2 protein chains.
Amino acid sequence: MLTCMDLRQLQNFVAVAAAGTVTGAANALGLAPASVSEQVRRLEHSLGVALFERTPRGMRLTDAGATLLTRARGLLDHADEVRRAVTGGRRRVRIGALEMLAAIRLPAVLRRLSARRPDLDVDVRPLTRQSLLAEVAGGTLDAALLLDLGERVGGLGFTPPADLDHLDVGEVRLWLVAAPGGAREPLLVSPSGCSIRLAADQVLGTRLPRRELTSIATAREWAKQGMGSALLPDFAVDPDLASGALVPLDPESGQAPELALRLVWLRGREPALRDVLYAMSA
Amino acid sequence: MLTCMDLRQLQNFVAVAAAGTVTGAANALGLAPASVSEQVRRLEHSLGVALFERTPRGMRLTDAGATLLTRARGLLDHADEVRRAVTGGRRRVRIGALEMLAAIRLPAVLRRLSARRPDLDVDVRPLTRQSLLAEVAGGTLDAALLLDLGERVGGLGFTPPADLDHLDVGEVRLWLVAAPGGAREPLLVSPSGCSIRLAADQVLGTRLPRRELTSIATAREWAKQGMGSALLPDFAVDPDLASGALVPLDPESGQAPELALRLVWLRGREPALRDVLYAMSA
DNA sequence: AGAGGGCATTCGGGAAAACCGTATGCTGAC
DNA sequence: GTCAGCATACGGTTTTCCCGAATGCCCTCT
């Protein structure tokens, strides 16, 4: 036990925990599986604790492993921060956002961030919610901006793949709209999996007759042509509401809650990252 | 720059910074000077920054080195905490105290600490103020309990060897005493360097006729025998005040301020350590 | 049931790094 | 001017790191 806890070992450990397999982690790290396996074993031996249960399908974290995982991430973050502090390197933050938000709502958020923290380099990548969550869980992304509902991550109807922390940085209002004088049915919905579709399922239930279209924009156009009603986010329908091409259907009380513009990240990341993320809120 | 910041390198770096020489650090670490030198050079190269100025008398920190030093300590502390969290190892805290405090005032402080934080193993070492400060600066001691005056560390008249944080955990009242009916002069003082002597110099000035004795206890005994007056801490004279063997001389207003029972530690140590230390305050 | 694929691990070897003891060059002190 | 103390360069040994190939395991698909 003379040799203790190398940062590289921790990096390997985190990679294995994220990938769930030694092989996957080795690929991600550009190493051979044998090397990663040995490093993990060495780490376990130096700590005197089993970090993984070996199964023929991969590696499952033990309790001690789970304990170490969050702390190891924090320590690696800390090390990174130290390195940056002394090299004067700028901090690079990798943020992902739902494609639908990237164009409309993201710029204002990023403007706030760069005004308050001009010392940052921000990478932005538009992705699907699944990819966002996977990359945040895997550490490829520092945080993700998506739509959600309620107090807990996943309230909109998806299940986060890891223990995520969150912060709401804005709101998105939903409008149930139709063309003036047009049909109110069916409910025109976007493809299953789309956040707005999840919101429609959550808010309006699934009993209404519905027609699935390929995108929010398509649903809006169909609605404008009187083909039914649609539950759409403010940024998609504001112009049409202003011009009168679409009119809000008087929702029953409480039928149109606001979605949260929600920033999520892996719980336990360094405090410095949290500060950065909080600088994105209004 | 493929290989980045090994914890062991940071340990070496901190040791060199503390010792001021590679040789000293090597002795402290149980390594050969050549090894330590190479590690430091490797670290500098991997960071792309010069950490030390090489002088023929030793190593002097550069600005970047000073920046790294505090953060490296913090990171090493963090790593230690992570290791403890997963191995379930108990935390060991090394505390030093002025010899004169160890017997009388330290037990109550430690009782508070172990009542609030039973998960700790506390090492206590009685030392002189010089040793205390040196060991805290060098990292051999986590914190030191000593006497001080005013808002800043060193207000009693010594200069701290590093950037120290502090917390006052109690007070020590000073009494200017003499035997009833005995002489009031000279002022009987303890050896220069002793905290109580510093306090006497600070509070009473140096104009009074004075006689230097070998210890506080000696000064008290001389005072009891009517050989002069002495400025003594409460814990040394309480019994004699109670019995009437010594009586307080009415000090001019504000002449007998209270000393602070002060806990000092190296600024930048991990937050977890701070929590421990705060648990020692009243 | 049997073959095949994905998995972690073991093994042997080669490259890199850590470490040591010694030797060298430097500077300030005596 | 010599000497002590310092950092460092050098050659050699031990340890670590990493790889490719081979092994054994278990699940799955046929």
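Remember, it's a predicted structure, so these values are computed and weren't measured experimentally. Quick note on labels: first sequence line is chain A, next is B, and so on, each numbered from 1.
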What is the distance, rounded to the nearest whole Å, between atom [atom1] of [X] and atom [atom2] of [N]?
{"X": "B/Leu31", "N": "C/dG21", "atom1": "CG", "atom2": "P", "value": "11 Å"}
{"X": "A/Arg42", "N": "D/dT15", "atom1": "CZ", "atom2": "P", "value": "12 Å"}
{"X": "B/Asn12", "N": "C/dA18", "atom1": "CG", "atom2": "P", "value": "10 Å"}
{"X": "A/Phe52", "N": "C/dC7", "atom1": "CZ", "atom2": "C1'", "value": "14 Å"}
{"X": "A/His45", "N": "D/dC17", "atom1": "NE2", "atom2": "P", "value": "14 Å"}
{"X": "B/Arg8", "N": "D/dT15", "atom1": "CZ", "atom2": "C1'", "value": "10 Å"}
{"X": "A/Leu51", "N": "C/dA8", "atom1": "CG", "atom2": "C1'", "value": "16 Å"}
{"X": "A/Gln9", "N": "C/dA17", "atom1": "CD", "atom2": "P", "value": "17 Å"}

Starting the side chain at C-beta, find the nucleotide from [options] nearest to [X].
{"X": "A/Pro56", "options": "C/dT9, D/dA9, D/dC26", "result": "D/dC26"}
{"X": "B/Arg57", "options": "D/dC17, C/dG28, D/dT8", "result": "C/dG28"}
{"X": "A/Thr23", "options": "C/dC7, D/dC17, C/dC20", "result": "C/dC7"}
{"X": "A/Asp6", "options": "C/dA8, D/dC6, D/dC17", "result": "D/dC17"}
{"X": "A/Ser37", "options": "C/dA8, C/dT9, C/dT10", "result": "C/dT9"}
{"X": "B/Ser35", "options": "C/dT9, D/dC17, C/dC20", "result": "C/dC20"}
{"X": "A/Ala34", "options": "D/dC19, D/dA7, C/dC20", "result": "D/dC19"}
{"X": "A/Arg41", "options": "D/dC19, C/dA8, C/dT10", "result": "C/dT10"}

query: So, B/Glu270 and B/Arg274, do they make that salt bridge, N to O below 4.0 Å?
result: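 The answer is no: the pair does not qualify as a salt bridge.
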
query: Using a cut-off of 4.0 Å on non-hydrogen atoms, how would the nucleic acid contact of A/Glu38 be classed: base, sugar-phosphate, or nothing?
result: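 Base contact.
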
- prompt: Base, sugar-phosphate, or nothing: which does A/Gly24 touch, judged by heavy atoms less than 4.0 Å apart?
  reply: nothing

task: Could you tell me whether the side chain of B/Val93 reaches within less than 4.5 Å of the side chain of B/Asp121, counting heavy atoms only?
output: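 A side-chain contact under 4.5 Å is absent here.
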
- prompt: Without hydrogens or angle criteria, can the side chains of A/Arg94 and A/Thr140 be said to hold a donor-acceptor pair below 3.5 Å?
  reply: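 No - no donor-acceptor pair under 3.5 Å links their side chains.
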
N/O donor-acceptor pair under 3.5 Å between A/Thr87 side chain and A/Arg83 backbone: yes

[N] OP1/OP2 closer than 4.0 Å to side-chain N/O of [X]:
{"X": "B/Gln39", "N": "C/dA17", "answer": "no"}
{"X": "B/Arg60", "N": "D/dA7", "answer": "no"}
{"X": "A/Thr55", "N": "C/dC7", "answer": "no"}

query: What pairs with B/Arg41 under salt bridge (charged side-chain N to carboxylate O under 4.0 Å, His left out), at least two apart in sequence or on another chain?
result: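 Listed in chain order: nothing, the list is empty.
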
task: Name the orientation class of the two ring planes belonging to A/Trp265 and A/Tyr278 (parallel below 30°, tilted from 30 to 60°, perpendicular beyond 60°).
output: perpendicular

